[in-house]
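This report refers to the structure that appears directly beneath it.
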Number of protein chains: 2
Amino acid sequence: MVLFKPEQKDTAVLRLSRLTDYAVVVLARMGEEATALQSAPGLATRTGLPEPTVAKVLKTLAQAGVVEGLRGARGGYRLAKPLPDIPLTEVIVAFDGPIALTACVDGGSGLCESEHLCPVRGRWDPVNTAIRDALEKISVAELAGHALAPAEADFRLAAE
Amino acid sequence: MVLFKPEQKDTAVLRLSRLTDYAVVVLARMGEEATALQSAPGLATRTGLPEPTVAKVLKTLAQAGVVEGLRGARGGYRLAKPLPDIPLTEVIVAFDGPIALTACVDGGSGLCESEHLCPVRGRWDPVNTAIRDALEKISVAELAGHALAPAEADFRLAAE
DNA sequence: TTAAATAGGACCAATCAAGTCCGATTTCCA
DNA sequence: TGGAAATCGGACTTGATTGGTCCTATTTAA
């Protein structure tokens, strides 16, 4: 059901990519038959989302290890673990990149090429960790309920 | 000194507009002489930032009530309150809009036109409030120290 | 051997933000 | 009283980023 409306203009600080939204929808569908092997075209028709988009989402999710992809005829995708065990952060990171306020990922990793040029390093850490903690407590399953239950009709509507 | 590097490609979930960054730099400068009336051109030369940009930043800050603008010749801007009393959220909201995960601002306000299409409403609230709380604890003054101290040289460098 | 599926990119169009600029208004000063 | 120096408000252009599609290679079952 597309968790946030695409048309909405107001840019909040926390902008998730639309793919993230689609991912939750697709995962919710897969969660209905958690152990079954489901193909991208099949999931596309069942969610009502365009097939190429669903394929892209699944490829990304497979790379992230959230789902498991099996190639070849009769291939498909399968949840790597049950929905309640998938924290939202895993999905978000897969599509939107690291969860952090600035471009510099905080702490440890020495990715910041010019550390002496980036005096804010570490200052935003409390904020970043607070955000991660909050997100980590929410599993995909918790959103999946909303993503499916009465939303089936709404979903088609919103995705036109 | 430009708190995050513009060139950095990796798009994190939390994307602050660059104006927000500039705002902190400008505010830091103003904080050095908190009570003085300072003009946009003057602050531009003192920060090394392009004048039109500084003007835009100050206009936005004035609208938000963070600074006070006095028109006419010998006019200028003045801090509405000391730096330590300005929470970061105030600056962020001014430039980046409401601090929320989705386009829907959570809770209360009935802005979401089609509430029945947005079943996630309320679900993200804990996340949103956690983020706000974390940001509210940080004042501009805390960043200002870093934004000025050894950063003067770095700043010009990063802003090329 | 063929068909059906994933895997991995390349590619194009549309949207959004950054930055600049202009006109209107206000106020001080000579 | 006129001119200069500011703020104020918005329009506009350019560049980057995202969303979405498509194409080719690879794998595997029938």
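Note on naming: letters A, B, ... go to the chains in the order of the sequence lines (proteins, then strands), and numbering restarts at 1 for each one.
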ask   = Rounded to the nearest Å, what distance is computed from the CD atom of residue Glu51(B) to the C1' atom of nucleotide dT20(C)?
value = 11 Å
query = Between atom CG in Asp96(A) and atom P in dG19(D), what is the gap in whole Å?
reply = 8 Å
ask   = Which whole-number value in Å describes the distance from Asp21(B) CG to dA18(C) P?
value = 11 Å
message = Heavy atoms from C-beta onward define the side chain here; which of dT7(D), dT6(C), dG19(C) lies closest to that of Arg71(A)?
response = dT6(C)
request  = Please answer whether the main-chain N or O of Arg29(A) pairs with a side-chain N or O of Arg46(A) as donor and acceptor at a distance below 3.5 Å.
outcome  = no
query = Looking for any heavy atom pair under 4.0 Å, which part of the strands does Leu19(A) touch: base, sugar-phosphate only, or nothing?
reply = sugar-phosphate
request  = For Leu58(B), answer base if it contacts any base atom (sugar-phosphate contacts may also be present), sugar-phosphate if it contacts only those atoms, and nothing otherwise; contact means non-hydrogen atoms under 4.0 Å.
outcome  = nothing
message = Are there over 12 heavy-atom neighbours, none belonging to Lys81(B), within less than 6.0 Å of that residue's NZ?
response = yes
ask   = Between the base of dG20(D) and the side chain of Lys56(A), is there a donor-acceptor distance below 3.5 Å?
value = yes
request  = Could you tell me whether the phosphate oxygens of dG19(D), OP1 or OP2, come under 4.0 Å of any side-chain nitrogen or oxygen in Tyr22(A)?
outcome  = no
task = Can you figure out which of dT6(C), dG19(C), dC8(D) approaches the side chain of Pro41(A) most closely?
result = dT6(C)
message = Output the rounded distance in Å from CZ (Arg18(A)) to P (dT17(D)).
response = 18 Å
key: Euclidean distance, atom CZ of residue Arg78(B) to atom C1' of dA6(D) [Å, nearest integer]   = 14 Å
task = State which of dG19(D), dT6(C), dC8(D) makes the closest approach to the side chain of Ser17(A).
result = dG19(D)
remark   = Distance col, row Thr35(A):OG1 vs Arg78(A):CZ, nearest 0.5 angstrom, shows 8.0 Å
ask   = Looking at the side chain of Ala73(B), which of dT27(C), dT6(C), dT20(C) is the nearest nucleotide?
value = dT27(C)
ask   = What nucleotide, of dA30(D), dG19(D), dT20(C), holds the atom closest to the side chain of Pro50(B)?
value = dT20(C)
query = Do you reckon Val91(A) sits in the same ILVMFWY cluster as Leu19(A), going by side-chain contacts under 4.5 Å, direct or chained?
reply = yes
request  = Using a heavy-atom cut-off of under 4.0 Å over every strand shown, decide if Ala40(A) touches base, sugar-phosphate, or nothing.
outcome  = sugar-phosphate
task = Ignoring the backbone of Thr53(B), work out which of dT20(C), dG19(D), dG10(D) is nearest its side chain.
result = dT20(C)
query = In whole Å, what is the span from the CZ atom of Arg74(A) to the P atom of dT6(C)?
reply = 13 Å
key: Approximate separation, where rounding is to 0.5 Å, of Leu27(B) CG and Leu79(B) CG   = 6.5 Å
note = The nucleotide from dC28(C), dG9(D), dT21(D) with an atom nearest the side chain of Gln63(B) is dG9(D)
task = Whole angstrom is fine here: how far is it from CD1 in Ile92(B) over to P in dA17(C)?
result = 16 Å
query = To the side chain of Lys59(B), which of dG19(C), dG10(D), dT7(D) is closest?
reply = dG10(D)
query = Between dA6(D) atom P and Glu68(B) atom CD, what is the distance in whole Å?
reply = 18 Å
ask   = Backbone N or O of Lys56(B) within a donor-acceptor pair of the Thr60(B) side chain at under 3.5 Å?
value = yes
